[in-house]
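What follows is a set of notes on a single structure, which appears directly below.
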Amino acid sequence: MKVSLSGEIAYDMEKVRVKVLKNTPEIRAGGEAIGPLFKDQEVEVERWIARILKEEGYVEILDDRSIDLTTLSKIAWRENRSSQLTPLEPSFYAKARAYLKSLSEKAKEKPEVLGEKKIAESRLIDIINCRVQKIVSLALAGAQPPRDVLNNLTPEEKMLLDELSSIISRWKQEVRGEDIG
């Protein structure tokens, strides 16, 4: 089973604020024209564009709206105390991956960051385990979950629910001796 990248796509398409570090001529990216940009100007661009511009030294990302340890801890606490799936933004897992990746990069320079990374990984695993239990329960129910429940799932979780529901349904048919076709 290949995990859906729609959460990753949503993450990359989010707008972020950047500060221009040096004058930049007009740039064409993904069919869009960006610029010209002037030093110290602040603009909003899609995350994937901001990443490229940052790598090239043109901008600094200001408003990243990323995930941090506090955010992961709050989500884990809330998820563990609720019998229902709590709302997560569609790009949650992509943001969590980016956060863990950034901690890995920082740990190369500052080994003390490894402690934060281990705690963050633990919080993320807690969130995943808790949510997967709830998703399995939904799949076992066999009925289409209400829209408000579906709205609380990330794209990756919706795909997991669909796959689990399909597997469970086929398995039940086989056990009952029904023809699967």
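In what follows, every heavy atom counts, from backbone to side chain, and hydrogens, waters and symmetry copies are set aside.
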Closest contact, heavy atoms only, A120 versus L103: CB-CD1, 4.1 Å
Salt bridge present between K172 and E178 (N-O < 4.0 angstrom): no
SB check E42 K19 (cutoff 4.0 Å): no
D40 and V20, any side-chain heavy atoms less than 4.5 Å apart: no
Nearest heavy atoms of T24 and K22, plus distance in Å: OG1-O, 2.8 Å
Note: K106-E109 ion pair, threshold 4.0 Å (strictly below): no
Side-chain donor/acceptor of T154 to backbone N/O of E157, under 3.5 Å: yes
Tell me which donor-acceptor pairs under 3.5 Å the side chains of residues 138-149 have, and how far apart each pair is, sequence neighbours excluded?
none

L114 to A107 - nearest heavy-atom pair and separation: CD2-CB, 3.7 Å
Joint cluster assignment, L153 & I167, ILVMFWY side-chain distance < 4.5 Å: no
I49 side, atom CD1; I27 side, atom CD1 - distance, nearest 0.5 Å: 9.5 Å
From SG (C130) to CD1 (I125), nearest 0.5 Å: 13.5 Å
Student check: side-chain heavy atoms of I52 and Y58 closer than 4.5 Å: no
Same apolar cluster (I L V M F W Y, side chains within < 4.5 Å links), V136/L150: yes
Taking every non-hydrogen atom, the tightest pair across I128 and Y93: CG1-CE2, 3.9 Å
Backbone of D162 reached by a side-chain donor or acceptor of S166 within 3.5 Å: no
L100 side, atom CG; K118 side, atom NZ - distance, nearest 0.5 Å: 13.0 Å
Ion pair R131/E79, N-O distance below 4.0 Å: yes
Side chain proximity check, P90 to P155, heavy atoms < 4.5 angstrom: yes
Main-chain N/O of W77 paired with R81 side-chain donor or acceptor, under 3.5 Å: yes
R47 with E14: basic N within carboxylate O range, under 4.0 Å: yes
Check: T86 main-chain N/O paired with N152 side-chain donor or acceptor under 3.5 Å: no
Contact check, side chains of L62 and E60, non-hydrogen atoms, under 4.5 Å: yes
Within one Ile-Leu-Val-Met-Phe-Trp-Tyr cluster: V45 and L21, side-chain cutoff 4.5 Å: no
NZ (K158) with more than 12 external heavy atoms under 6.0 Å: yes
S137 side-chain N/O to Q133 backbone N/O, donor-acceptor pair under 3.5 Å: yes
Sidechain-backbone polar pair: K134 side chain, S82 backbone, donor-acceptor under 3.5 Å: yes
Any donor-acceptor pair under 3.5 Å from K117 side chain to S104 backbone: no
Distance in Å, E156 CD paired with I135 CD1, rounded so as to fall on 0.5 Å steps: 10.0 Å
Non-hydrogen atoms of V59 and A50 that approach each other most closely: CG2-O, 3.8 Å
Within one Ile-Leu-Val-Met-Phe-Trp-Tyr cluster: F38 and L53, side-chain cutoff 4.5 Å: no
E26 atom CD, neighbour heavy-atom count above 12 within 6.0 Å: yes
Contact check, side chains of T71 and F92, non-hydrogen atoms, under 4.5 Å: no
Gap separating the CG atom of N129 from the CG atom of N80, nearest 0.5 angstrom: 9.5 Å
CD (E112) with more than 12 external heavy atoms under 6.0 Å: yes
Nearest non-hydrogen partners of L72 and I127, listed with the distance: O-CD1, 3.6 Å
